[in-house]
Trainee: 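Before I ask anything, here is the structure I am working with.
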Amino acid sequence: MAEDRERWGSRSSFIFAAVGAAIGLGNVWRFPYITYQNGGGAFLIPYFIALITAGIPLMILEYAVGLKTQGAPPVALKKIWKKAEWIGWFAILIVFVLATYYATIMSWAVNYFYHSFTLAWGRTGPEINNFFNNILLGKSGSPGILGGIQWPVLAGLAITWILIYLALFKGVKTLGKIVYFTVGIPWLILIIMVIRGLTLPGAIDGLNFYLTPDFSVLLNPRVWLAAYGQIFFTLSLAMGTLIVYASYLPKDSDITANAFITSLANCGTSFFAGFAVFSTLGYLAQSMGVTVPEVTTSGLGLAFVTYPTAINLLPVASQLFGALFFLLLLTLGIDSAFSQVEPVVGSIADKWGFNKKWVLPSVCIFGFIVGIPFTTRGGFYWVDIVDHFIATYGLTLVGFLECIVIGYVFGASEIRGYINSVSDVRIGPWWDVFIKFITPIVLGVSFVMQLIKLIQRGYGAYPIWTAFTGIGLLIVLLILSFVFSKRKGGNP
Ligand code: PFF
């Protein structure tokens, strides 16, 4: 089977695809904001430690599994250990759910991009707030009220899924060319945004806010968990993406250098994006005569409310910068979005031997349909809730299980032997220690601590039943993983 497997056109195509999967919406907003929330400049210390102790070791592991087995996650994990196929399916189901709401966030960006030409989102902060919450999303006020579909959001969702289909339908070789653009364009835009941001009055206040360290936070376990969570999310670990991408490489490809390049490119981009974001926020604060923390709202609101407000205030070419910013989000996000779909398609094709020509459109149409509830007036809350359960619990669970299967059942030192036999940079026994002890302990502790917090307080300000729905969703995905793994495959 391996001989007729699809292949990347070159090593750099693979690296760009992996970097493109990693760099996404998570880098431009999540990273700077999480950094600020967790001690500013001091957060870079746990972030860097998380990268070294968990991010890079697990990335090496996932590349090795994909490369060695030449299969998508379910088949790959089955080859590692006969009983582990369900873990692969669990990762695939999780990444599928992730794709459905990630595409919804992309749809918001599609709408904003469209409106940026006329700056239709309004002039002032309150107007933009109203545009996002009431006009675009038509928020119902509670996750219990779905209300009707918001048609522009549905249209944006359809456009996103069509883009995903178009990027993937010609196969991995073409994908390997597309990623040069979906990585190159956002980098170019980011450079422009950083230069523009740094030359604005007040920029320095924003940067002070971003980079001034508060070392006392290093004693707070929440900060360390935030750092590990961000590393897993940003590197797209434990989602099957890296396994399937590596499986399209020839069997003797380098593993370790590729892992170092991908992870450092991603984290460097995050750090750089922080300059664009916070310099602009410094400008916004100065224009409004307030301090930087006062303009900084949480998470997604920042991208869709605060930043457009700052853009409106630009002395010249605000339309252009508005369009550029949302083009940045779209080009950053699209390669992450299709990197969430390819593992699903690859896994179904690998297990049952179906032709990807049919699997891909079926997955895209199904993904679009599953995403429709997110386009309703209650959809925003469900994006938030589902994201929390998928990204926090699902991801840590899969990462933990991968470490156990590789570290103990297959044997960390065995797979390290394989890694060293194909890689330029050799890794030592330290890697075994990470895979067998440090990474699973960190993930296990993080999982349990989050769960305790959830049981005590529910999630966010939502009613407690939403937390049970989230847990229920994960249990359904677990059951489905077992069902899929028990089905007979079409391939040996
Ligand atoms: N790493 C992406 C981001 O930071 O936006 C998100 C992501 C992409 C997660 C692909 C998982 C994945 F498989």
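What you see below is based on every heavy atom in this structure, not just the backbone, and it leaves out hydrogens, waters and symmetry mates. When a ligand or atom number is given, it counts from 1 through the structure's own listing order.
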Trainee: For the pair W352 and F354, name the ring-plane relationship: parallel under 30°, tilted 30 to 60°, perpendicular over 60°.
Mentor: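 Geometry flag for F354 against W352: parallel rings.
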
Trainee: Under 3.5 Å, which donor-acceptor pairs do the side chains of residues 43-60 form with other protein atoms, sequence neighbours left out?
Mentor:
residue	atom	partner	partner atom	Å
T53	OG1	I49	O	2.8
T53	OG1	Y228	OH	2.7

Trainee: Parallel, tilted or perpendicular: which one describes the rings of F366 and F96, with boundaries at 30° and 60°?
Mentor: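 Ring orientation of F366 relative to F96: parallel.
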
Trainee: So if I apply the ring pair (Phe, Tyr, Trp, His ring centres under 6.0 Å) rule between W121 and each of Y112, F113, W108, F132, which one comes out positive?
Mentor: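 Per the ring pair (Phe, Tyr, Trp, His ring centres under 6.0 Å) rule, the option paired with W121 is Y112, out of Y112, F113, W108, F132.
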
Trainee: Between S336 (side chain) and I23 (backbone), is there a donor-acceptor pair under 3.5 Å?
Mentor: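 Checking the backbone N and O of I23 against the side chain of S336, a donor-acceptor pair under 3.5 Å is found.
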
Trainee: Heavy-atom cut-off of under 4.0 Å around ligand 1: list whichever protein residues fall inside it, by chain and number.
Mentor: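 Protein residues near ligand 1 are A21, A22, G24, L25, G26, N27, V95, L98, Y102, F233, T234, S236, M239, T241, S336, S339, Q340.
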
Trainee: Could you check whether T466 and Y381, counting side-chain N and O atoms only, form a donor-acceptor pair closer than 3.5 Å?
Mentor: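 The answer is no; no qualifying pair exists.
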
